[in-house]
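Read through the structure below, which is laid out as structure tokens, and then see the notes.
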Amino acid sequence: MLFLIKWVYAWLLPIGCIAAALVFLTIYLYWRRSPGRKPLLVITVLLYALSVQPVSHMIMKPLENSYVPPQAVQGDVIILLGGGTRAGVPDFDGIGQVGSAAANRFLTAVRLQRTLDLPILLSGGAVFSYDADEAEIDKRMLLSLGVAEDKIFLDNQSRNTAENARFSKEICIEQGWKHPVVITSAFHMPRSVVFFKREGMDITPYPCDYYTDEPYHWSAFSVIPNSFALYTSCLAIKEYVGIAAAKTGLQ
């Protein structure tokens with residue numbers, strides 16, 4: 001009974017109820033042979049497909065499988081790419097927090113830094129005037145965790161991945177670092193590698209923050225559209241577009 005209640009409840013939440021309503025509306029329009037039924041069918045199919053886990057998993061998985069964390073890490077600096085902030089919210093020892101993806105990246109970077117005792121370059125600033133400075137928030141958290149201040153370097157100018165690579169390269173040249181270890185979300189790593197290679201940098205990719213399981217586990221909930229699956233699909237599509245744009249020099 002509990003499983004059935006959760007299954008029905010999932011259909012009542014967005015995006016499930018919206019997809020269900022579109023399906024019934026499409027069937028009704030086809031029954032009435034109404035104009036616009038074909039475009040609505042295409043919209044319904046696309047929304048449903050992008051909002052179910054098997055499809056979002058299929059779209060996202062190739063990105064996350066592009067690189068794996070190396071067993072033996074060799075490098076002279078860790079570059080942590082920013083992943084978003086929450087401005088103005090209270091934190092343990094200050095104001096402003098990193099977002100969920102950024103937090104996963106941060107945890108990986110801290111553990112790797114403690115293991116290798118390498119300097120860490122925090123790459124990511126405020127994209128808009130009302131955003132928080134991510135590199136500064138990361139620095140505050142690193143200091144509170146006991147990382148020595150002389151091990152922490154900041155690039156708080158970067159607003160996107162292209163600038164992450166460009167400004168990180170400038171700091172690496174200044175400090176004499178030649179083999180950086182780049183940490184970012186697994187889905188974001190392929191696009192990041194394109195930009196860092198375009199800058200002529202010899203990097204070691206260290207992906208983290210995975211959105212998909214290995215292998216995928218089917219269940220009765222796999223057929224129900226949900227907002228997280230739609231979000232995952234959108235993230236993956238954004239990365240594919242970004243990779244194509246980067247390779248053609250549009251970004």
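Because the structure is predicted, anything quoted here is derived from the model rather than measured. Just the heavy atoms: all of them, side chains too, but no hydrogens, waters or symmetry mates, feed the values below.
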Legend entry - Parallel, tilted or perpendicular: ring planes of F187 versus Y211, cut at 30 and 60 degrees: perpendicular
Legend entry - Minimum-distance pair of heavy atoms, taken over all atoms of A19 and P225: CB-CG, 3.6 Å
Inset, instruction - State whether the side chain of E163 and the backbone N or O of R159 hold a donor-acceptor pair below 3.5 Å, judged by distance alone. - result: yes
Legend entry - T204 and H179: CA distance, side-chain angles, deciding distance, side-chain hydrogen bond (donor to acceptor under 3.5 Å, both in side chains) verdict: CA-CA 7 Å; T204 297; H179 303 290; over 6 Å; no
Inset, instruction - Could you check if a side-chain atom of V223 sits within less than 4.5 angstrom of a side-chain atom of V52, using non-hydrogen atoms only? - result: no
Inset, instruction - For S185 and R105, test the side chains for any donor-to-acceptor distance below 3.5 angstrom and give the result as yes or no. - result: yes
Inset, instruction - Start with the C-alpha gap between K178 and D76, add the side-chain angles, then the distance that decides, and say whether side-chain contact (heavy atoms from CB on, under 4.5 Å) holds. - result: CA-CA 7 Å; K178 299 184 182 300; D76 48 17; 4.1 Å; yes
Inset, instruction - Please name the pair of heavy atoms, one in D117 and one in K151, separated by the smallest distance, quoted to 0.1 Å. - result: O-NZ, 3.1 Å
Legend entry - Residue pairs passing the ring-ring contact (aromatic ring centres under 6.0 Å, His included) test where at least one lies in residues 82-106, sequence neighbours excluded: none
Inset, instruction - Keeping the roles fixed (side chain from E134, backbone from G83), state whether a donor-acceptor pair exists under 3.5 Å. - result: yes
Legend entry - Main-chain N/O of R33 paired to R37 side chain as donor or acceptor, under 3.5 Å: yes
Inset, instruction - Kindly indicate whether the side chain of V110, heavy atoms from C-beta on, has any atom under 4.5 Å from the side chain of L145. - result: yes
Inset, instruction - Answer yes or no: are there more than 12 heavy-atom neighbours, outside Y67 itself, under 6.0 Å from its atom OH? - result: yes
Inset, instruction - Could you list the residues that satisfy side-chain contact (heavy atoms from CB on, under 4.5 Å) with S233, not counting sequence neighbours? - result: L50, S56, I59
Legend entry - Side chain proximity check, E199 to R166, heavy atoms < 4.5 angstrom: yes
Legend entry - Residues that F195 engages under ring pair (Phe, Tyr, Trp, His ring centres under 6.0 Å), provided they are two or more places apart: none
Legend entry - Result of checking L81, N156, L142, I79 against L122 for side chain to side chain contact (heavy atoms under 4.5 Å, CB included): L142
Legend entry - N/O donor-acceptor pair under 3.5 Å between D91 side chain and D93 backbone: no
Inset, instruction - Please identify each residue that fulfils ring pair (Phe, Tyr, Trp, His ring centres under 6.0 Å) with F153, with sequence neighbours left out. - result: W177
Inset, instruction - Carefully, step by step, assess K61 and E214 under the rule side-chain contact (heavy atoms from CB on, under 4.5 Å). - result: CA-CA 9 Å; K61 199 61 184 174; E214 183 62 54; 2.8 Å; yes
Inset, instruction - Please say whether more than 12 non-hydrogen atoms of neighbouring residues, nucleotides or ligands are located less than 6.0 Å from CD in Q74. - result: no
Inset, instruction - Using atom types as modelled and distance alone, determine if a side-chain donor or acceptor of Y206 lies under 3.5 Å from a backbone N or O of V68. - result: no
Inset, instruction - Determine the minimum heavy-atom distance between S123 and S168, stating which atoms define it. - result: OG-OG, 3.6 Å
Legend entry - Pairwise salt bridge (Lys or Arg N to Asp or Glu O under 4.0 Å) hits with a residue in residues 8-21, at least two apart: none
Inset, instruction - Let me see the working for I95 and V89 under side-chain contact (heavy atoms from CB on, under 4.5 Å), right down to the final yes or no. - result: CA-CA 6 Å; I95 299 297; V89 298; over 6 Å; no
Inset, instruction - Kindly give the cluster partners of L46, where membership spreads through any ILVMFWY side chain lying under 4.5 Å from a current member. - result: V42
Inset, instruction - For I18, check side-chain contact (heavy atoms from CB on, under 4.5 Å) against everything at least two apart and list the hits. - result: P14, I15, L22, L47
Inset, instruction - Could I get the full list of ring pair (Phe, Tyr, Trp, His ring centres under 6.0 Å) partners for Y130, not counting sequence neighbours? - result: F128
Legend entry - Student check: side-chain heavy atoms of K247 and R198 closer than 4.5 Å: no
Inset, instruction - Could you work out the complete set of other residues in the hydrophobic cluster of F24, with links drawn between I, L, V, M, F, W and Y side chains under 4.5 Å apart? - result: none
Legend entry - Residues that W218 engages under side-chain contact (heavy atoms from CB on, under 4.5 Å), provided they are two or more places apart: P54, Y216, S222
Legend entry - Partners meeting ring pair (Phe, Tyr, Trp, His ring centres under 6.0 Å) with Y210 (sequence neighbours left out): none
Legend entry - same_hphob_cluster(L116, I183) at 4.5 Å side-chain heavy-atom cutoff: yes
Legend entry - Verdict with reasoning, L154 to I152, per side-chain contact (heavy atoms from CB on, under 4.5 Å): CA-CA 7 Å; L154 268 63; I152 304 172; 3.8 Å; yes
Legend entry - Heavy-atom side-chain proximity of I137 to R140 below 4.5 angstrom: yes
Inset, instruction - Return yes if some donor-acceptor pair links the side-chain N/O of T85 with the main-chain N/O of A87 below 3.5 Å, else return no. - result: no
Inset, instruction - Mind listing the closest non-hydrogen atom pair of A101 and D209 along with its distance? - result: CB-OD2, 3.4 Å
Legend entry - E64 side-chain N/O to T212 backbone N/O, donor-acceptor pair under 3.5 Å: yes
Inset, instruction - Identify, with sequence neighbours excluded, every residue that meets side-chain contact (heavy atoms from CB on, under 4.5 Å) alongside I173. - result: K169
Inset, instruction - Sort out for me which residue in T184, I243, I203 forms a side chain to side chain contact (heavy atoms under 4.5 Å, CB included) with S192. - result: T184
Legend entry - Flag, side chain of D133 to backbone of A135, donor-acceptor distance under 3.5 Å: yes
Legend entry - Check: P190 and E239 side chains under 4.5 Å, non-hydrogen atoms: no
Inset, instruction - State whether the side chain of Q53 and the backbone N or O of A229 hold a donor-acceptor pair below 3.5 Å, judged by distance alone. - result: no
Inset, instruction - Please answer whether the main-chain N or O of L63 pairs with a side-chain N or O of S66 as donor and acceptor at a distance below 3.5 Å. - result: yes
